[in-house]
Number of protein chains: 2
Amino acid sequence: MDWSIQEIARLAGTTSRTLRHYDDIGLLAPARIGSNGYRYYDEPALVRLQRVMLLRELGLGLPAIGEVLDREESAPHALRSHLEWLRQEQERLARQIASVEHTITALEGGERLMAENVFDGFDHTRYKEEVEQRWGKDAYAKSDAWWRSMSAEQKAAWQERASDLGRDWIAAHDRGIDPTGDEAQALAQRHFEWLRGIPGTPGGGGQGPTKEYFVGLAEMYVADERFGANYGGRAGAEFVRDAMTAYADRNL
Amino acid sequence: MDWSIQEIARLAGTTSRTLRHYDDIGLLAPARIGSNGYRYYDEPALVRLQRVMLLRELGLGLPAIGEVLDREESAPHALRSHLEWLRQEQERLARQIASVEHTITALEGGERLMAENVFDGFDHTRYKEEVEQRWGKDAYAKSDAWWRSMSAEQKAAWQERASDLGRDWIAAHDRGIDPTGDEAQALAQRHFEWLRGIPGTPGGGGQGPTKEYFVGLAEMYVADERFGANYGGRAGAEFVRDAMTAYADRNL
DNA sequence: GCTTGACATTGACGCTGCGTCAAGCTTTAG
DNA sequence: CTAAAGCTTGACGCAGCGTCAATGTCAAGC
């Protein structure tokens, strides 16, 4: 009235390796074990195995299956939270699919896989639309022309200044100083000077960016993680924003 | 002009552990290694890292990313096949979600997680609808009543006959014999006799099932994997079907 | 009684992409 | 000079088995 491991595996549509695994982790023990060490399964074991297989097809993990089978009343609850997880996975996949499609069309349109210069002051490729929308086409065009006019060495020097600034912001944040204190305000001052070097920024080139632009940029560092990444992520960006906003209030 | 491992990790929004991993697998080597063993990265490395991160967000595997970056023209192709895989995953998830929802409502309707008796001749719970649709409500009701009228021992005996038959079919198929040959035909005969014992089958009870029913059942073994599982999966079910069909042609 | 072949056993590694200690050397800031 | 960071190379862990490897058992035929 009982079956060998191969037989029950075939009956349930699985493999003997899987059954040994289930035995190892305590999910499904054989009905008895012969003196030779062989595993033998009876019908209750088969029923349990069928249930395991069913729940596996639904995507449940083995520990979750074990709990469900040992206290059957928990099944709806377990399935519901599993359902939640499945839905989130599906959303994630949907977003990935959209991104991949977008990337493919971009590549076929002749674009590169990513901007060459990671430290573009404004990354003229990636942020083109945002810049145009917020500050006008003219501002973008000026800034772009200015950037293109530089030699590679000049660009490298500029980028180094940008990355130095980023590093110092991160370091300041890590030390836990007050964003409205002297040190942070000195950094905000450097940031202001740095921006002054960019034509096309509202107020740029001459006396430096306007207050509105300066504060708007600070907010963008927080709102857009692509910017924020240069300052150590969200918390770092918030620190930078606070310091810049305080600076603008006092000096612009 | 280059960064330590921590710095570049922060710039790219990842961790130093990940960078060491990428170095280990040859996906992204540091620009140079100091005499102290430290890894230092330069800007080309950063660009490559940014691209890696981008492709990772799209869900590509690391080996695929390596190929894409080393021969950039292959990017659209790689992305397209990746897209295909993403879509399949989404479909799979959709099916799982539907199944989980179905299972939850069934459980809340008071049903058990699965039929107790795995070897029900027709599994009166799982196949109710199919049986009613193909052979009429009357047939199902008769068969069901017959089954319920049996004692547990009688049921067990019946189930054993069913499982014996299944095992013999599987063994015959494994031996690779001809489904139209004598041995397989003898099995088909046994199968016929076995069905004769079930009231409610068209022609059942008396002289045995009709040809139409017998052949239809054989096809169902192939079409429905829940049946086919009793005969060793798809290939086994096809073998059974071939034997049963030949038997029906000759004898019914 | 022996051989053969099918089936059983217990390890143990492999796969994916890192997270997470651990032990020990280096650099940096005070 | 010392303490705090930061770096290095291992190595285990995770999820769920697939896949050898080395070896013991069982049923069947000669």
Side-chain angles (χ1 to χ4, degrees), chain A residues 2-41 49 52-53 55-67 82 85 89 92 96 167-168 170-177 183 232, chain B residues 2-41 49 52-53 55-67 82 85 89 167 170-171 173-176 232:
Chain A
D2 42 25
W3 306 278
S4 75
I5 195 168
Q6 287 280 28
E7 289 168 334
I8 197 180
R10 202 152 34 181
L11 288 171
T14 182
T15 70
S16 60
R17 177 65 181 88
T18 299
L19 288 167
R20 300 200 299 105
H21 184 56
Y22 290 169
D23 189 11
D24 287 345
I25 66 175
L27 178 58
L28 175 65
R32 65 185 181 81
I33 296 185
S35 58
N36 47 18
Y38 284 24
R39 295 173 174 81
Y40 295 101
Y41 296 81
L49 177 56
V52 170
M53 299 306 288
L55 293 172
R56 279 256 57 201
E57 282 176 25
L58 299 183
L60 263 79
L62 299 185
I65 291 177
E67 290 184 23
H82 178 55
W85 142 264
E89 276 296 293
R92 201 174 56 77
Q96 282 197 345
R167 280 212 277 184
D168 291 346
I170 291 174
H173 175 227
D174 284 354
R175 289 200 338 264
I177 67 174
E183 276 191 276
Chain B
D2 43 23
W3 306 277
S4 76
I5 195 169
Q6 288 278 29
E7 290 168 333
I8 196 179
R10 205 153 30 183
L11 287 172
T14 182
T15 69
S16 61
R17 176 65 179 88
T18 298
L19 288 167
R20 300 201 298 104
H21 183 57
Y22 290 170
D23 189 11
D24 286 347
I25 66 175
L27 177 58
L28 175 66
R32 65 185 181 82
I33 296 185
S35 58
N36 48 16
Y38 284 24
R39 295 173 175 81
Y40 295 103
Y41 296 82
L49 177 55
V52 170
M53 299 306 288
L55 293 172
R56 278 257 57 201
E57 282 175 26
L58 299 182
L60 263 80
L62 298 186
I65 291 177
E67 289 184 23
H82 178 54
W85 142 263
E89 275 298 291
R167 281 211 276 184
I170 291 173
H173 175 226
D174 283 353
R175 289 199 340 262

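Naming convention: chains lettered A, B, ... in sequence-line order (proteins, then strands); numbering from 1 in each chain. This is a predicted model, so every value here is computed, not measured.
- In the set D:dT25, D:dT8, C:dT10, D:dT8 carries the atom at the smallest distance from any side-chain atom of B:Tyr38.
- In this structure, B:Asp24 places its CG atom 15 Å from P of D:dC12, rounding to the nearest Å.
- OP1 and OP2 of D:dG16 both lie 4.0 Å or more from every side-chain N or O belonging to A:Tyr22.
- Among the heavy atoms of the strands lying under 4.0 Å from A:Leu62 are primed sugar atoms or P, OP1, OP2 only; no base atom is included.
- With C:dC18, D:dG16, C:dA8 as the candidates, the nucleotide lying closest to the side chain of A:Gln6 is C:dA8.
- Here B:Leu19 contributes atom CG and B:Ser4 contributes atom OG; the two are 10.0 Å apart, rounded to the nearest 0.5 Å.
- Within the nucleic acid shown, A:Tyr40 has no heavy atom closer than 4.0 Å to any nucleic acid atom.
- Contact annotation: the side chain of A:Pro30 approaches that of A:Tyr41 to within less than 4.5 Å [non-hydrogen atoms, C-beta and beyond].
- Checking A:Thr18 against A:Asn36, the closest nucleotide of DNA chain D that is more toward the 5' end is the one next to A:Thr18.
- At whole-Å resolution of the value, CG in B:Leu27 and P in C:dC18 are 9 Å apart.
- Here the P atom of nucleotide C:dG17 and the CG atom of B:Leu19 are 15 Å apart, to the nearest Å.
- Looking at B:Arg39, its side chain has no donor and acceptor atom pair within 3.5 Å of the base of D:dT8.
- Nearest-nucleotide assignment on DNA chain D puts the 5′-proximal partner with A:His21, out of A:Ser35 and A:His21.
- Atom CZ of A:Arg10 and atom C1' of C:dC7 are 11 Å apart (whole Å).
- For the atom pair CZ (A:Arg17) and CG (A:Asp24), the distance works out to 7.0 Å, reported to the nearest 0.5 Å.
- Side-chain N/O atoms of B:Arg17 and base N/O atoms of C:dT20 include a donor-acceptor pair closer than 3.5 Å.
- Contacts of B:Gly34 with the nucleic acid, taken as non-hydrogen atoms under 4.0 Å apart, are absent.
- Between the CG atom of A:Asp2 and the P atom of C:dA8 there is a distance of 13 Å, rounded to whole Å.
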Inset, instruction - Apply side chain to side chain contact (heavy atoms under 4.5 Å, CB included) to the pair B:His21 and B:Leu62, showing each step before the final yes or no. - result: CA-CA 11 Å; B:His21 183 57; B:Leu62 298 186; 4.0 Å; yes

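- Of the candidate nucleotides C:dG17, C:dA8, D:dC17, D:dC17 has the atom lying nearest to any side-chain atom of A:Arg56.
- The shortest non-hydrogen separation linking A:Ser16 to A:Ala9 is N-CB, 3.8 Å.
- At a threshold of 4.0 angstrom between heavy atoms, the contacts of A:Thr15 are confined to the sugar-phosphate backbone, with no base atom among them.
- Residue B:Ile25 contributes atom CD1, which lies 16 Å from atom P of C:dG14 at whole-angstrom precision.
- With rounding to whole Å, A:Arg20 atom CZ is found 13 Å from C:dA12 atom P.
- D:dC30 and C:dG1 make up a base pair, with Watson-Crick or G-U wobble contacts both under 3.5 Å.
- Ion pairing between a basic and an acidic side chain is recognised when a charged N comes within 4.0 Å of a carboxylate O; A:Glu89 and A:Arg92 show such pairing.
- Comparing atom distances between the B:Ile5 side chain and each of C:dC18, D:dG18, D:dT8 picks out D:dT8 as nearest.
- The separation between A:Asp23 atom CG and D:dC17 atom P is 14 Å, rounded to whole Å.
- Among the protein residues, A:Ser4 comes within range of the sugar-phosphate backbone only, with heavy atoms under 4.0 Å from sugar or phosphate atoms but none that close to a base.
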